[in-house]
Amino acid sequence: MKMQKAFSAVCAFVMSAVLLPRVLPVPEPSEVSAAEGGPVSYYGQLQTSGNRIVGSSYEEPVQVKGMSFFWSNWQGQYWNSGTVDRMVDEFQCEILRCSLGVDDQGSIYSGGDVGALRSVMDAAIAKDIYVIVDWHSHGAHNNTNAAKSFFSEIARDYGKYDNVIFELYNEPTMVSWSTVKGYAEQVIPEIRKYSDNLILVGTPTWSQDVDAAANDPINDSNVAYVLHFYAGTHGGDLRGKGDAALSKNAAIFVSEWGTVNADGDGSVNVGSTEQWLSWMDSNKLSWCNWAISSKAEGSSIFGGDGSSLTEAGNYLKKILNTHAENAVWRTVPKGGTDPDPQTTQPDPQYTDPEPQTTTSTPQTQNVARLSLPGSGNAVLEAENYASMNGVEVEDCAQGGKNVGYIDAGDWMSYSISVPQAMRYELTVDAASEYGGGQIAFSCGGNTLGTLYIPATGGWQSWQQFKVTLELPAGESDLKLDVQQGGFNIDKITFTASVGDINRDGNVSAADAVMLCRYLNSNEQLNGEQAKQADLDNNQVINAVDLTLLKRMLLRR
Ligand code: IDC
């Protein structure tokens, strides 16, 4: 599985280099020697994929956690490599956010030292962690030119490092999303001249209106929208905005959050923080906590002596340590067998807000094995499981029955047979009142993929969600493990996927090469190969099919 993933990632890269015009200049040799052994060399560049963020060398959702520096103009004493080293070695941060102090008119505050920013970035790259360059302003759109020239310069010098993430606007206040979007659309091209790294865009109302951004997204393939919260002030309503944005397939990044009140002060609100942490874990949202600071306020992790840990500091250290010790990049050898990246459980100290109290025993029923065709569709009714644990069958508003009362830890297993190992696109009819559901699909203990189920508007408001799985040949049991519950399933439609021209069970650059050779009349295709090559299923094999295949490889 891992080999195959790595192989297809390589092929996608080769394809993009060979077959698509690249706008990016060839990177110069780096001046900072990037270290190995941390999250960045493991996951690679962060990239949005639907409402998740994955790595260029790791195709599963990536969630990284760390700390935010405080306004550079006010707590500049921490902006150095010593603090970076401490944050990585002692707190085990996987990411640091550099909040360059920028005033409400969009100019860098005096004392908001870009030289110090660069040395912190260099130190983060040397530690192999991610680093966010945050234009920490509440009025950045008042001076778009300043942001353009700053990000152009930083992208030119740092855009080649997978470590670097650009955050264009900390927190717009009472301005419309169209104003913020207009600003971002002017700054993004400056960065894209040099780098295709992840860009974070703040949202109106102090980076809370991610739903507004999701309704009118920016036309760029690697942008995530920023959600900020303070646990002492914000709760379920703001998480609802996050769910709404995720359900529109927007990627969200929590570049700043606090355990305290929104003014940065007050005591640590453990109960609310734990609800937020488990929500972020279940949605694989990366985050940075506010703040690396010794100012006398509740959110500071350092005390008055500048070095001892406050209540917030001790709490964050514990959360970050627990996360990093179980993180995939630390526990799964690169290129080795990945035990099951998708079933990573929320960190143990978090309490599940709705723990499952019922225990049940697995139940079986006699159903015919479903034969999946080598091309075309087959429909699996969710209630036709061979065995299950914890779910119930009920009447479905779409007709027939559906499976409901699905909680975390429940599972259903279906008997299928597949003519040969190949990819199928699964269209899942699901409904969910509150969203946040997640299913892991596996065969014979191998996790094949996961599917996220957002809110659909009600328990019987059905929508279709897609996931592509590589199913093994022959008879097997397809198991759906429920990682997060709160949804119903009516049926799953399997569509044999196309593009596997050389019939090796995998769509890769080798298939594109074969199609090119066919189009250049250097190679013949037999009937089955031709069917796979006819991606748009119009009985003509031409350059359009090649374009579709390239898109498939590049996941466009
Ligand atoms: C706060 C600091 C506070 C400082 C203030 C200045 O904690 O000491 O006086 O900035 O504006 C945010 C902002 C972040 C705030 C933080 C807490 O991004 O800059 O820091 N906060 O108020 N959004 C919500 C809360």
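First listed ligand is number 1; within each ligand, the first listed atom is number 1. These values consider heavy atoms only, across backbone and side chains, with no hydrogens, waters or symmetry-generated copies.
Near ligand 1, residues Phe70, Trp71, His136, Asn170, Glu171, Tyr230, Glu256, Ala262, Asp263, Gly264, Trp290, Lys295, Glu297 each place a heavy atom inside the 4.0 Å sphere around the ligand atoms.
Taking the six-membered ring wherever Trp is involved, the centroid distance between the rings of Tyr78 and Phe69 does not fall below 6.0 Å. For Trp206 and His228, the ring centers sit 6.0 Å or farther from each other.
Arg86 forms no cation-pi arrangement with Phe91, by the criterion of a distance under 6.0 Å to the ring centre and an angle within 45° of the ring axis.
Under 3.5 Å, the side chains of Asn80 and Thr83 contain a donor-acceptor pair of N or O atoms.
Summarising the geometry of Asn215 relative to Lys248, their closest heavy-atom pair is OD1-NZ, 2.6 Å, with the distance given to 0.1 Å.
Ser300 places no side-chain N or O within 3.5 Å of a backbone atom of Ala296 that could act as its donor or acceptor partner.
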